[in-house]
Asks: 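The structure under discussion is supplied below as structure tokens; questions concerning it will follow.
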Amino acid sequence: MAPQRPEDGFVRMPEHEFEAILARAAEEGAKRALADVGLEGDEAALDIRDLRSMLDLLRLVRRTAVQTVVRAITTAVLLALLAGVAIKLKFFGNGP
């Protein structure tokens, strides 16, 4: 197999240089992506923490709302059953 020449479209470089180029490109890409969504500068870390806190709060509110609805339905069913038992046992006087 013949050695590859630069005119064949291949470039050889030391592995540490290639890894440094990749790391720099990844860092610049991440900065650009954050800037595109408005999360750049010194306040970006604080903004991300605030967003995470808001998401945690939203999850808590959603979970609490579901629990409240389930409790309300359970209470309504139990009250209906108790009212039915009370009517059946004629606790409210002479019924129909």
Side-chain angles (χ1 to χ4, degrees):
M1 182 183 219
Q4 295 175 344
R5 298 181 308 271
E7 59 268 7
D8 290 337
F10 294 99
V11 176
R12 297 188 63 78
M13 69 173 61
E15 187 174 339
H16 64 89
E17 281 184 39
F18 182 67
E19 288 176 359
I21 291 172
L22 282 178
R24 195 167 43 241
E27 183 178 339
E28 290 299 318
K31 285 179 183 178
R32 188 175 307 143
L34 288 172
D36 287 347
V37 296
L39 293 172
E40 61 185 326
D42 297 334
E43 299 295 317
L46 180 61
D47 291 342
I48 290 173
R49 279 193 292 276
D50 287 346
L51 286 171
R52 286 181 182 257
S53 295
M54 288 173 54
L55 285 172
D56 288 340
L57 182 61
L58 179 65
R59 289 183 185 114
L60 176 65
V61 167
R62 188 181 311 146
R63 186 171 45 245
T64 303
V66 169
Q67 289 174 351
T68 301
V69 168
V70 168
R71 285 180 184 157
I73 291 171
T74 303
T75 302
V77 168
L78 288 175
L79 286 174
L81 286 172
L82 284 175
V85 168
I87 290 172
K88 187 73 170 170
L89 296 176
K90 298 183 182 181
F91 283 154
F92 300 118
N94 291 336

Asks: Going from CZ on Arg52 to CG on Asp47, what distance comes out if it is rounded to the nearest 0.5 angstrom?
Replies: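 It is 13.0 Å, given to the nearest 0.5 Å.
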Asks: Does atom CD of Glu15 have more than 12 heavy-atom neighbours from other groups under 6.0 Å away?
Replies: no
Asks: About how many Å separate CG of Leu39 and CG of Leu46, when rounded to the nearest 0.5 Å?
Replies: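 CG of Leu39 is found 11.0 Å from CG of Leu46.
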Asks: Going from CG on Leu79 to OG1 on Thr74, what distance comes out if it is rounded to the nearest 0.5 angstrom?
Replies: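 Separation between the atoms: 11.0 Å.
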Asks: How many angstroms lie between CE in Met13 and CD in Glu19, if you round to the nearest 0.5 Å?
Replies: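 Going from CE on Met13 over to CD on Glu19, the span is 11.5 Å.
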Asks: CG/Leu60 to CG/Leu55 distance, rounded to the nearest 0.5 angstrom?
Replies: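 Answer for the CG-CG pair, Leu60 versus Leu55, is 12.5 Å.
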Asks: Are any non-hydrogen side-chain atoms of Val85 and Leu81 less than 4.5 angstrom apart?
Replies: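 Counting from C-beta outward, Val85 and Leu81 never come under 4.5 Å.
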Asks: So that I can tick it off, tell me whether Lys31 and Glu27 are bridged by a salt bridge, with the cut-off set at under 4.0 angstrom between side-chain N and carboxylate O.
Replies: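 Here Glu27 pairs with Lys31 in a salt bridge, since their nearest N and O are under 4.0 Å apart.
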Asks: Look up atom CD in Glu43 and atom CG in Asp50, then write down how far apart they are to the nearest 0.5 Å.
Replies: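 So the gap between those two atoms works out to 9.5 Å.
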